[in-house]
Amino acid sequence: MTADDLRFLEAGAARVVPERGLADKLSLGRPLRVKLGLDPTAPAVTLGWAVVLRKLRQFQDAGHVAVLIVGDFTARVGDPSGRSEARPRLAKEDVDRYAERVLDEFSSILDLDRAEVRRNSEWLEPLGIEDVLRLAGSITVARMLERDDFAARFAAGRPISLMEFCYPLLQGYDSVAVEADVELGGTDQLFNLLVGRDLQRDHGQDPQVALTMPLLVGTDGVQKMSQSLGNYVAVTDPPDEMFGKLVRIPDGSIADYRLLTLDFFRDPDEAERVRQGLASGELDPWQEKRRMAREVVDLYHGPGAGAVAEARFDELHRARAVPRDAPGVLVPATVFEQDPAGGWRLWVPGLLEAMGLVGSRAEARRLLAQGGVRVDGRTESREALPLEGPPPGSFLGSIWQVGRRRAARLAGLRDSG
RNA sequence: GGGCGGGUGCCCGAGUGGCCAAAGGGAGCGGUCUGUAAAAUCGCCGGCGUAGCCUACGGAGGUUCGAAUCCUCCCCCGCCCA
């Protein structure tokens, strides 16, 4: 029973530190407090984020306590990590709003009723400088520089602020404050999770077990999935979009996607079977990719949603059907113009811009010249189109497509102003 | 505090008075092909109603017919020394 529990809870994990730690914690025979920090500055929950949320859900299902930490204090201070650009500091209300939204999206994965949600301002705000310095005393600079991204940036001569050094400390102190038994995170969080162990030890607590999950690669198949890189799938993406994005990942990522979005909490062996099948050529990558996409859509939109999305996908992209249900847009009358003879013309770049299909009219003109614009399924390269009678005339209801993924329907005229 | 080197378009990076809307690469976008994968290949990649004009090389001034390039001040970053 405990052995099964352990295998279940460690399924898919990248690292468990210390290796035997989780088994020891489980043998305590009480519900464990499993900590997960959430980033209240991110507007959407991605499939990458979902990985660690699913893992937390597994702990919940096994009877343990999910402790979610809203990093409201840290978000307000502003974290200049990453690209060395100082992240905007957020006002209290903004953080609260974001956090609420994010938590709302979590509810499709976690059982929030059984979770403990805490804000770290609760214990970080009262800290005095003396406390902070004492915390800082627990870690050496050399130790900090062991962290991958610090080491890399230092070597590359890129700036690292002292405040960034404080982040792991504050995050680690969260573990002390909530007396975490286990902390979850992506592999990029390992260092921070380990700092938590050190601080807990300094505070006379039994150090938490750090359990990291592999990072889900983005839809580009190269970089980690992140919102700032735009290579993500959000758990709230509508079925068609979700299917389309998933089916666009490189073949080499199929098994990883299976494991981290579906299999580790359902049937951990399935991903491995697929990996081997693909490697040996027994399985067809295209079919496997579609199956994965279908299953993920089912997971987030209900059984059967995947099949519907798949059918629509085939219709639109294989049969090249015109997307009749593209969002309707009202356009200003100024995209139509009257020539001296009294005839009307449609000014295409203006229209495409008004419909939000292009970023600028100059872009529209380039795309027209390159054959990237279709009207009701036919490629159009003219910048002005004649029409019979007053606008919008026969263009009412016309479907405009730019490239393969952008489309809109001309729903009518809007009063300019 | 002192010395040195830097800040160029989404990113990296060339450019040291006009030929610079700014080389090259990456990312991105469009076409062909295809499985909205990979590979290949062609093209685009600041804005403006189609013309030249505007905006742009950390910021503000200045020199010049002309400045990403020269000068002054300021801001920012890195390295070394303290």
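First the proteins, then the strands, lettered A, B, ... as listed; each starts at 1. These numbers come from a predicted model, not from an experiment.
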Q) Quick one: is A:Arg366 getting a side-chain N or O under 4.0 Å of the B:rG47 phosphate, OP1 or OP2? A) yes
Q | Rounded interatomic separation in angstrom, taking CG from A:Asn231 and P from B:rU36 | A | 21 Å
Q) Can you check whether A:Ser360 has a side-chain N or O nearer than 4.0 Å to OP1 or OP2 of B:rC48? A) yes
Q: Identify whether any heavy atom of A:Arg374 sits under 4.0 Å from a base atom; if not, whether one sits that close to sugar-phosphate; answer base, sugar-phosphate or nothing.
A: nothing
Q: For B:rC80 versus B:rC29, give the span between their C1' atoms, rounded off to a whole number of Å.
A: 45 Å
Q) Does the distance from a Lys or Arg side-chain N to an Asp or Glu carboxylate O, for A:Glu272 and A:Arg275, drop under 4.0 Å? A) yes
Q: Grab the CZ-P distance between A:Arg404 and B:rG28 for me, whole Å please.
A: 13 Å
Q. Using the rule for Phe, Tyr, His and the six-membered ring of Trp, do A:Trp286 and B:rA37 stack at under 5.5 Å and under 30°?
A. no
Q. Can a side chain N or O of A:Arg248 be found less than 4.0 Å away from OP1 or OP2 on B:rG35?
A. no
Q) Do the charged groups of A:Glu270 and A:Arg266 touch, with an N to O distance under 4.0 Å? A) no
Q: Run the salt-bridge test on A:Arg258 and A:Asp267 with the 4.0 Å N-O cut-off and return the result as yes or no.
A: no
Q.
Can you see if the side chain of A:Arg365 gets near the phosphate of B:rC48 - specifically, an N or O under 4.0 Å from OP1 or OP2?
A. no
Q: Please report, rounded to the nearest Å, how far the C1' atom of B:rC42 is from the CD atom of A:Gln370.
A: 9 Å
Q: Scan every strand shown for a Watson-Crick or G-U wobble partner of B:rC73, both distances under 3.5 Å, and answer none if you come up empty.
A: B:rG59
**Q.** Test: A:Glu363 and A:Arg361 ion pair at under 4.0 Å
**A.** no
Q.
Between A:Asp96 and A:Arg119, does any NZ, NE, NH1 or NH2 come within less than 4.0 Å of an OD or OE carboxylate oxygen?
A. yes
Q) Taking NZ, NE, NH1 and NH2 as the nitrogens, is one of them in A:Arg345 or A:Glu383 under 4.0 Å from a carboxylate oxygen of the other? A) no
Q: May I ask which nucleotide in the shown strands pairs with B:rG78, Watson-Crick or G-U wobble, both distances under 3.5 Å?
A: B:rC4
Q: Look through every strand shown and name the nucleotide pairing with B:rU41 as Watson-Crick or G-U wobble, where both distances are under 3.5 Å.
A: B:rG31
Q.
If you go through the side-chain atoms of A:Asp251, does one of them form a donor-acceptor pair with the base of B:rG35 closer than 3.5 Å?
A. yes
Q. Whole Å only: how far is the CG atom of A:Leu351 from the P atom of B:rG49?
A. 14 Å
Q: Looking only at side-chain atoms of A:Pro250, point me to the closest of B:rA37, B:rG49, B:rC48.
A: B:rA37
Q.
With rounding to the closest Å, how many angstrom separate the P atoms on B:rA68 and B:rC20?
A. 12 Å
(Q) Under 4.0 Å, counting only non-hydrogen atoms across every strand here, what does A:Arg290 touch: a base, just sugar-phosphate, or nothing? (A) nothing
Q: With C1' as the reference atom in both, quote the distance from B:rC53 to B:rU64 in angstrom, rounded to an integer.
A: 23 Å
Q. CZ of A:Arg101: more than 12 outside heavy atoms within 6.0 angstrom?
A. no
Q | Residue whose closest nucleotide on RNA chain B lies nearer the 5' end, A:Glu383 versus A:Gly371 | A | A:Gly371
Q. In whole Å, what is the span from the CZ atom of A:Arg320 to the C1' atom of B:rC33?
A. 11 Å
Q) So which one's nearest nucleotide on RNA chain B is more toward 5', A:Val373 or A:Phe336? A) A:Val373
Q | A:Arg406, nearest nucleotide to its side chain (from B:rU36, B:rC48, B:rG30) | A | B:rG30
Q: Provide the distance between the two P atoms, one in B:rC45 and one in B:rG30, to the nearest whole Å.
A: 15 Å
Q: Could you tell me the separation between the NZ atom of A:Lys245 and the P atom of B:rU36, rounded to a whole number of Å?
A: 18 Å
(Q) Using a 4.0 Å heavy-atom cut-off, does A:Pro349 contact any base of the nucleic acid, only the sugar-phosphate backbone, or nothing at all? (A) nothing
(Q) Distance check, C1' atoms only: B:rC57 and B:rC76, in whole angstrom units. (A) 16 Å
Q: Using the C1' atom as the reference point in each nucleotide, state the distance between B:rG78 and B:rC65 in Å, no decimals.
A: 39 Å
Q) How long is the line joining CG of A:Leu246 and P of B:rA37, in whole Å? A) 14 Å
**Q.** Euclidean distance, atom NE2 of residue A:His317 to atom P of B:rC33 [Å, nearest integer]
**A.** 16 Å
